[in-house]
Amino acid sequence: MSTLVEKQQELINKAMFGECGSNGVYARTELFEQVINGLSRVITRHREPNTEVLRFPPVMSRSQLERSGYLQSFPHLLGAVSCLAGDEAQVRATVERPDWPTQLSPTELVLSPAACYPVYPLAAGRGPVPARGLLFDVASYCFRHEATHELGRFQSFQMREYVCIGAPAMVLDFRKRWITRGGDLAKQLGLDFTIANASDPFFGRAGRLAAMSQLEQALKFELLVPVRSAEEPTACMSFNYHLDHFTGAWQLSSENGTTVHTGCVAFGLDRLALALFAKHGVDPREWPTEVRRNFPFDEI
Ligand code: 5GP
Ligand code: ZN
């Protein structure tokens with residue numbers, strides 16, 4: 001198998017991605033889109049019963065993100081939506097200035113950094129969590145202001161997630177099931193992988209402590225695939241236990257007053273697509289029969 005670094009030029013030359021004039025932001029070709037659609041269908045095939053499906057836009061409420069604690073943990077990754085304000089004359093004068101971006105006014109929107117953030121306030125708005133718990137299937141385009149833009153680290157990427165809200169044991173069981181199922185899914189796609197304890201890229205010195213505590217409590221696992229290199233494999237899925245982080249922020253409680261926790265499993269669709277191309281080559285018609293059998297590949 002050649003690594004993606006070796007294949008990077010080939011992939012781009014073969015028009016996997018169209019340049020969009022910004023690092024880590026690409027137009028996707030028909031081929032890439034077909035693979036993303038195939039992956040989405042494979043993930044849907046693994047959906048558990050009684051899961052509510054919601055698709056979110058790439059933007060979300062700024063105040064909801066603030067209340068979720070994102071600014072404390074990951075301010076360096078956040079992107080916010082700003083617009084030009086004022087009357088016609090003011091706007092016209094502003095856009096004539098070379099420094100016009102300094103004149104932008106904030107809006108009520110930020111770019112979603114993960115697909116599951118909007119689901120907790122949405123669930124809280126419906127009242128107490130039933131004893132059987134809640135399952136959601138969510139997806140959105142996500143944005144992260146990443147410091148580096150090697151292939152596989154996009155600023156803008158598609159995330160699919162399953163989310164569980166319920167009693168702690170229920171959420172832990174959900175995560176355990178999904179760690180197994182995530183591995184099964186990677187096997188069906190013919191990908192080499194490891195699953196490892198992981199931490200999020202928390203901001204600053206306090207963030208390093210938060211990351212250590214996350215590791216100690218084994219709150220996050222990642223499914224890693226050797227996409228760019230075997231030494232630095234790429235996180236293509238994550239399995240997260242949030243304890244009461246979101247239920248505390250949104251006062252999500254159970255019908256009978258018992259503790260409610262949350263967890264999610266996240267699939268990085270663009271990274272999984274890259275992993276497939278890196279492992280099996282750029283022409284899906286030549287992928288191993290075994291993989292093709294598990295992979296719905298239709299025209300878009
Ligand atoms: P997490 O919230 O665990 O950081 O991200 C969930 C999943 O989204 C990751 O396992 C990964 O597959 C995907 N992801 C995270 N950051 C990036 C990124 O910069 N680019 C791409 N393409 N996917 C990412
Ligand atoms: Zn999530």
Side-chain angles (χ1 to χ4, degrees), residues 4 16-17 22-26 28 32 35-36 39-40 43 54 56 58 60 65 68-70 73-74 76-79 111-123 135-165 171 174-175 178-179 182 185-186 189 191 193-203 211 214-215 219-225 227-228 232-243 245-247 249 261-278:
L4 198 54
M16 187 80 36
F17 298 116
S22 262
N23 283 331
V25 179
Y26 301 99
R28 296 180 315 276
F32 197 82
V35 171
I36 293 277
L39 280 166
S40 301
I43 295 166
L54 290 165
F56 295 120
M60 65 171 284
L65 197 77
S68 297
Y70 196 84
S73 299
F74 310 107
H76 55 308
L77 297 179
L78 182 63
L111 303 175
S112 296
C116 70
Y117 275 91
V119 91
Y120 309 107
L122 187 144
L135 292 174
F136 291 96
D137 168 347
V138 297
S140 78
Y141 249 100
C142 295
F143 174 88
R144 292 184 189 172
H145 187 224
E146 300 282 2
T148 58
H149 301 120
E150 66 273 20
L151 209 65
R153 190 172 299 284
F154 299 70
Q155 292 205 73
S156 183
F157 54 95
Q158 303 170 78
M159 199 187 292
R160 175 85 177 267
E161 297 195 47
Y162 290 120
V163 179
C164 177
I165 305 177
V171 176
F174 162 90
R175 189 175 69 154
W178 270 107
I179 290 175
L185 203 150
L189 298 175
L191 298 174
F193 66 92
T194 51
I195 293 176
N197 194 2
S199 61
D200 284 309
F202 290 99
F203 182 67
Q214 191 182 24
L215 282 169
L219 298 180
K220 185 181 191 80
F221 288 89
E222 285 177 337
L223 186 140
L224 303 155
V225 182
V227 179
R228 298 182 69 244
E232 288 181 62
T234 304
C236 292
M237 301 179 201
S238 72
F239 312 91
N240 307 286
Y241 181 31
H242 314 125
L243 298 167
H245 180 81
F246 291 109
T247 50
H261 282 175
T262 67
C264 67
V265 45
F267 304 89
L269 295 176
D270 306 86
R271 284 187 176 175
L272 282 166
L274 287 177
L276 282 168
F277 288 123

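Every number for a ligand or one of its atoms is a count from 1 in the order of the listing. Please read all numbers here as calculations on a predicted model, not as lab measurements.
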Do you know which of Lys220, His245, Glu222, Glu161 makes side-chain contact (heavy atoms from CB on, under 4.5 Å) with Asn240?
-> Lys220

Has the side chain of Arg175 got a donor or acceptor atom that lies under 3.5 Å from a matching backbone atom of Cys164?
-> no

Would you call the rings of Trp178 and Tyr162 parallel, tilted or perpendicular, where under 30° means parallel and over 60° means perpendicular?
-> parallel

Can you check whether Phe74 and Phe202 have ring centres sitting under 6.0 Å from each other?
-> yes

Between atom CG of Leu276 and atom CG of Leu39, what is the distance when rounded to the nearest 0.5 Å?
-> 5.5 Å

Nearest-0.5 Å distance, CZ of residue Arg144 to OG of residue Ser112 | 11.0 Å

Hey, what's the ring geometry for Phe246 with Tyr120, parallel, tilted or perpendicular (30° and 60° as the breaks)?
-> parallel

Near Arg153, which atoms of ligand 1 are under 4.0 Å from a heavy atom of that residue?
-> 19 (O), 20 (N)

Classify the angle between the aromatic ring planes of Phe32 and Phe277 as parallel (below 30°), tilted (30 to 60°) or perpendicular (above 60°).
-> parallel

Part of Met159 within contact of ligand 1 (heavy atoms, under 4.0 Å) = side chain

Starting from atom 22 (N) of ligand 1, which protein heavy atom do you reach first, and at what distance in Å?
-> Phe154 CD1, 2.8 Å

Taking only non-hydrogen atoms of Glu146 and a 4.0 Å limit, the atoms of ligand 1 in range are 19 (O)

Ligand 1 contact on Phe157 by region, counting heavy-atom pairs under 4.0 Å = side chain

Rounded to the nearest 0.5 Å, how far apart are NE2 of His76 and NE2 of His145?
-> 10.5 Å

Starting from atom 13 (C) of ligand 1, locate the nearest protein heavy atom and write down its residue, its atom name and how far away it is, to 0.1 Å.
-> Gly268 CA, 3.7 Å

Counting from 1, what ligand 1 atoms have a heavy atom of Arg144 closer than 4.0 Å?
-> 1 (P), 2 (O), 4 (O), 5 (O), 15 (C), 16 (N)

Which atoms from ligand 1 have a heavy atom of Ala266 less than 4.0 Å away?
-> 6 (C)

By number and element, which atoms of ligand 1 are closer than 4.0 Å to a non-hydrogen atom of Ala235?
-> 9 (C), 10 (O), 11 (C), 12 (O)

Contact flag His242/the Zn ion (ligand 2), N/O/S atoms, threshold under 2.8 Å | no

Looking at Glu161, the N, O or S atom sitting nearest the Zn ion (ligand 2) is OE1

Side chain, backbone, both or neither: which part of Cys236 has a heavy atom under 4.0 Å from ligand 1?
-> backbone

Please say whether Asp270 places an N or O atom under 3.5 Å from an N or O atom belonging to ligand 1.
-> no

Do Phe267 and Leu185 come close enough that some side-chain heavy atom pair is under 4.5 Å?
-> yes

Nearest heavy atom to atom 3 (O) of ligand 1: which of Arg271, Glu222, Lys220, Met237 does it belong to?
-> Lys220

Cys142 touching ligand 1 at heavy-atom level, < 4.0 angstrom = no

